**Student:** 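Take a look at this one; I'll ask things after.
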Amino acid sequence: MDNKLIILNNKKRYKSMKKQIIIFAICIITMLPAMAEQTEAPQLPQATTEQKEKPQFEGYQRNIFVGLLGANFFIGANYDMRINPGRMDGIGFRVGIGGLIASAIREGKETTAGIVTFPLEFNHVLGKRRHSFVSGVGLLPVYLSGEQTNIKDNSLVFRESGFGIAGYCVLGYRWQPLGDGIIFQINWNPLVGPGGFAPMWFGLGIGASFKT
């Protein structure tokens with residue numbers, strides 16, 4: 001009799017435990033979606049993330065700067081622009097004018113030489129914010145002139161002038177503001193022309209950047 005009671009009690013306990021496990025499992029399954037919503041990391045709005053990556057504007061990135069050496073040869077004025085609106089990076093172009101006039105006196109003769117350059121450049125800016133890598137290629141039309149005179153009687157010894165053309169590459173660093181402000185660039189400009197290859201040629205630029 002005692003054994004039968006023990007078996008009946010065990011069956012009752014097993015059924016009760018089984019019922020509790022089923023109820024507990026149903027509760028867990030019901031609560032999982034709510035728990036997932038509470039523990040899920042908040043998602044930032046897409047616009048906020050994009051704003052951190054790059055500035056937002058509708059116009060074109062334009063730069064006007066003074067160039068020293070490089071494709072300007074000595075000093076010149078340059079205009080640079082991205083061709084896609086709303087972007088500080090990507091493809092663009094640069095046009096400019098520069099040059100140098102110099103004179104010297106030796107052995108009673110005065111020699112004057114001048115050079116005018118017209119850099120025409122296709123370039124690319126890699127970097128959506130302040131720090132960028134600039135690369136490009138360009139053509140460099142050049143106007144050369146020179147003359148020599150005798151100082152004693154001011155007679156002309158010779159006078160020559162003419163046009164030439166060279167090519168150059170651009171590899172450099174550009175710092176540009178997120179809004180309007182100062183732009184700075186330093187670059188390596190190896191030159192190729194009728195006179196040969198000039199690898200050790202560098203340039204600097206500083207000016208104003210604006211978005212219109």
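Here the structure is a predicted model, which is why all the values come from computation and not from measurement.
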**Student:** Around atom CD1 of I101, are there more than 12 heavy atoms from other residues, nucleotides or ligands closer than 6.0 Å?
**Tutor:** no
**Student:** Can you check side chain to side chain contact (heavy atoms under 4.5 Å, CB included) on Q61 and S209, steps first, answer last?
**Tutor:** CA-CA 7 Å; Q61 174 78 13; S209 176; 2.7 Å; yes
**Student:** According to a 4.5 Å side-chain heavy-atom criterion applied to Ile, Leu, Val, Met, Phe, Trp and Tyr, with indirect links allowed, do I206 and L68 form part of one hydrophobic cluster?
**Tutor:**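 I206 and L68: separate clusters.
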**Student:** Taking atom CZ as the centre, does F74 end up with more than 12 heavy-atom neighbours from other residues, nucleotides or ligands that are less than 6.0 angstrom away?
**Tutor:** no
**Student:** Does a sphere of radius 6.0 Å around CD1 in I182 hold more than 12 heavy atoms from other residues, nucleotides or ligands, not counting ones at 6.0 Å or beyond?
**Tutor:**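 No, CD1 of I182 has 12 or fewer neighbouring heavy atoms, counting only those of other groups under 6.0 Å.
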**Student:** Measuring from H124:NE2 to R82:CZ, what's the distance to the nearest 0.5 Å?
**Tutor:**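 Rounded to the nearest 0.5 Å, the NE2-CZ separation comes to 8.5 Å.
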**Student:** Is the shortest heavy-atom distance from the side chain of P119 to the side chain of N78 under 4.5 Å?
**Tutor:**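 Touching, per the 4.5 Å side-chain cut-off.
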**Student:** With a 4.5 Å limit on heavy-atom distance, are the side chains of L140 and F73 in contact?
**Tutor:** yes
**Student:** Decide yes or no for I115 and V142: does some side-chain heavy atom of the first lie under 4.5 Å from some side-chain heavy atom of the second?
**Tutor:** yes
**Student:** Any luck finding a side-chain donor-acceptor pair between Q176 and S132 under 3.5 Å?
**Tutor:**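 Yes, side-chain donor-acceptor contact under 3.5 Å.
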**Student:** For F93 and Y79: C-alpha separation, side-chain torsions, deciding distance, then whether side chain to side chain contact (heavy atoms under 4.5 Å, CB included) applies.
**Tutor:** CA-CA 8 Å; F93 67 90; Y79 174 79; 4.1 Å; yes
**Student:** Between R174 and D89, is the salt bridge (charged side-chain N to carboxylate O under 4.0 Å, His left out) condition met? List the steps.
**Tutor:** CA-CA 11 Å; R174 173 179 292 185; D89 63 333; over 6 Å; no
**Student:** Group every Ile, Leu, Val, Met, Phe, Trp and Tyr by side-chain heavy-atom contacts under 4.5 Å, then state whether I183 and W175 land in the same group.
**Tutor:**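 No, because I183 and W175 fall into different hydrophobic clusters, even though each may have its own neighbours under 4.5 Å.
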**Student:** Before you tell me yes or no, could you show the steps for K211 and M88 under side chain to side chain contact (heavy atoms under 4.5 Å, CB included), namely the whole-Å CA-CA distance, both residues' side-chain angles and the distance that decides it to 0.1 Å?
**Tutor:** CA-CA 9 Å; K211 300 168 176 62; M88 297 171 60; 3.9 Å; yes
**Student:** Is there a side chain to side chain contact (heavy atoms under 4.5 Å, CB included) between V95 and F118? Walk through the geometry before answering.
**Tutor:** CA-CA 7 Å; V95 294; F118 306 92; over 6 Å; no
**Student:** Atom CZ in R130, atom CG in L178: separation rounded to 0.5 Å?
**Tutor:**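 Reported value, rounded in 0.5 Å steps: 4.0 Å.
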**Student:** Ring centroid separation for F163 and Y143, is it under 6.0 angstrom?
**Tutor:** yes
**Student:** Hydrogens and angles aside, do T112 and E147 bring a side-chain donor and acceptor to less than 3.5 Å of each other?
**Tutor:** no
**Student:** Counting only N and O atoms by type, is there a donor-acceptor contact under 3.5 Å from the side chain of N189 to the main-chain atoms of W201?
**Tutor:** no
**Student:** How far does OH of Y173 sit from CG of N187, to the nearest 0.5 angstrom?
**Tutor:** 13.0 Å
**Student:** Under a 3.5 Å distance rule, please check whether N150 uses its side chain to pair with a backbone N or O of K152 as donor and acceptor.
**Tutor:** no
**Student:** Could you give the distance from CG (D180) to CZ (F210), rounded to the nearest 0.5 Å?
**Tutor:** 8.0 Å
**Student:** How long is the gap from CE on M200 to CH2 on W188, to the nearest 0.5 Å?
**Tutor:**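 Result: 8.5 Å between the selected atoms.
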